[in-house]
S.K.: 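Supplied in structure tokens, the structure appears directly below.
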Amino acid sequence: MDMELTPRLQDIIEILKVKGEVNVQDLALQLKVSPKTAKGYVRELERLGYASMDESGNIKLALDNSNQIEKNS
């Protein structure tokens with residue numbers, strides 16, 4: 001499944017593993033991209049089932065995938 005994850009998406013997963021939760025604005029700053037671009041990355045992670053984002057723009061790892069992420073690292 002990791003083959004679908006670009007290095008950038010893997011970076012975001014690593015950030016979420018360390019921080020637990022991050023909002024779109026902070027993620028954009030960390031990645032040095034616009035919030036719109038950061039949100040696009042998160043949407044892709046949501047589509048793949050790795051992360052979820054609430055209405056406020058807070059992002060966290062999807063619980064059902066955390067074990068799989070550990071195994072793939």
Side-chain angles (χ1 to χ4, degrees):
M1 194 161 196
D2 257 5
M3 290 162 63
E4 295 181 80
L5 293 176
T6 63
R8 181 45 62 98
L9 295 181
Q10 290 175 9
D11 289 345
I12 295 169
I13 288 173
E14 286 305 314
I15 290 166
L16 291 171
K17 276 193 207 173
V18 172
K19 296 201 171 202
E21 185 173 300
V22 67
N23 71 37
V24 172
Q25 302 293 336
D26 289 342
L27 184 64
L29 285 171
Q30 253 188 293
L31 299 174
K32 296 179 176 61
V33 297
S34 72
K36 186 176 178 183
T37 300
K39 196 177 267 192
Y41 291 135
V42 175
R43 292 267 178 249
E44 183 65 8
L45 286 172
E46 280 186 308
R47 190 183 68 75
L48 295 170
Y50 283 98
S52 61
M53 181 168 56
D54 66 20
E55 314 79 51
S56 308
N58 296 313
I59 308 147
K60 51 188 168 196
L61 289 174
L63 295 176
D64 59 347
N65 244 326
S66 54
N67 291 340
Q68 172 142 17
I69 293 168
E70 291 302 318
K71 280 185 228 149
N72 288 339
S73 313

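Since we're looking at a predicted model, the values are computed, not measured. Index from 1, following the sequence. Basis for what follows: all heavy atoms, side chains included, without hydrogens, waters or symmetry-related copies.
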S.K.: Going hydrophobic residue to hydrophobic residue with side-chain gaps under 4.5 angstrom, can you get from Leu31 over to Leu48?
M.R.: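 Leu31 clusters together with Leu48.
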S.K.: Going by side-chain hydrogen bond (donor to acceptor under 3.5 Å, both in side chains), name the pairs with one or both residues in residues 39-49, residues two or more places apart or in two chains.
M.R.: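 Matches after skipping sequence neighbours: Arg43-Glu46, Glu44-Arg47.
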S.K.: Output all residues satisfying side chain to side chain contact (heavy atoms under 4.5 Å, CB included) with Ala38, sequence neighbours left out; order by chain, then residue number.
M.R.: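 Per chain and number, Ala38 pairs via side chain to side chain contact (heavy atoms under 4.5 Å, CB included) with Val24, Leu27, Ala28, Val33.
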S.K.: I need the full list of side-chain hydrogen bond (donor to acceptor under 3.5 Å, both in side chains) pairs touching residues 20-35, with sequence neighbours left out, sorted by first then second residue.
M.R.: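 Applying side-chain hydrogen bond (donor to acceptor under 3.5 Å, both in side chains) to every pair that reaches into residues 20-35, excluding sequence neighbours, yields Ser34-Thr37.
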S.K.: Evaluate side chain to side chain contact (heavy atoms under 4.5 Å, CB included) for Leu5 paired with Leu45, printing each intermediate quantity in order.
M.R.: CA-CA 8 Å; Leu5 293 176; Leu45 286 172; 3.8 Å; yes
